[in-house]
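First up is the structure itself, then whatever we jot down about it.
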Amino acid sequence: MLSNLKKSHHKTFEDLKQVNQGNMEFWLARDLQPALDYASWRAFERVLKKAAKACENSGQTVADHFVEVNKMVGLGSGSEREIQDYALSRYA
């Protein structure tokens with residue numbers, strides 16, 4: 001049963017992968033949040049900040065792995081609002 005869960009999460013992770021124009025893979029944090037079972041953005045963002053600190057402590061350049069981006073999301077009224085997100089490398 002546990003191996004099925006791991007495969008399911010791994011597949012979800014790979015399914016969420018995006019590729020930019022430079023052929024670099026990345027994941028949007030807000031797409032990963034529900035796949036990793038975080039109910040709130042606030043809780044997930046705290047985890048992202050800890051991960052960025054661990055990245056820095058390992059000698060990596062944080063900006064290479066955690067890129068702050070903004071995206072537009074639709075609201076119920078038909079209008080849009082800009083929200084913060086992060087483009088994450090596989091290392092992140």
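Position 1 is the first residue of the sequence; numbering continues from there.
Connection of Val47 to Leu16 is established within a shared hydrophobic cluster, with ILVMFWY side chains joined at heavy-atom distances below 4.5 Å, either directly or through further cluster members.
Between Ile83 and Lys71 there is a side-chain heavy-atom pair separated by less than 4.5 Å. In this structure, Ser58 and Tyr91 have side chains that are in contact, with non-hydrogen atoms separated by less than 4.5 Å. When side chains are defined from C-beta on, Met72 does not count as touching Arg81, because their heavy atoms never get closer than 4.5 Å. Under the 4.5 Å side-chain criterion, counting only non-hydrogen atoms from C-beta, Gln60 is in contact with His65. Counting heavy atoms from C-beta on, the side chains of Met24 and Val19 never come closer than 4.5 Å. Side-chain atoms of Glu45 and Gln33, non-hydrogen and from C-beta on, never get closer than 4.5 Å to each other.
Ala92 and Phe66 make their closest contact through CB-CZ, 3.5 Å (heavy atoms, listed as atom of the first residue, atom of the second, distance). In this structure, Ala35 and Thr12 approach most closely via the heavy-atom pair CB-CG2, 3.5 Å.
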Q: Could you walk me through whether Leu48 and Leu88 pass side-chain contact (heavy atoms from CB on, under 4.5 Å), step by step?
A: CA-CA 10 Å; Leu48 291 173; Leu88 307 170; 3.9 Å; yes

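At distances below 3.5 Å, not a single donor-acceptor pair connects side-chain atoms of Asn70 with backbone N or O atoms of Glu82. Remark: the backbone N or O of Asp64 is not paired with any side-chain donor or acceptor of Thr61 at under 3.5 angstrom. Distance alone, capped at 3.5 Å, places no donor-acceptor pair between the Trp27 side chain and the Leu32 backbone.
Atom NZ of Lys17 has more than 12 neighbouring heavy atoms from other residues, nucleotides or ligands inside a 6.0 Å radius.
Counting side-chain heavy-atom gaps under 4.5 Å among Ile, Leu, Val, Met, Phe, Trp and Tyr, the cluster of Val69 also holds Phe26, Leu28, Val67.
Geometrically, Arg30 engages Trp41 in a cation-pi contact defined by less than 6.0 Å to the ring centre and at most 45° from the axis.
We find that Glu56 and Lys53 are joined by a salt bridge, their nearest charged nitrogen and carboxylate oxygen being less than 4.0 Å apart. The pair Arg90-Glu14 meets the salt-bridge criterion, with a side-chain N (NZ, NE, NH1 or NH2) lying under 4.0 Å from an Asp/Glu carboxylate O.
Between the side chains of Glu25 and Gln18, no donor-acceptor pair is found at a separation under 3.5 Å.
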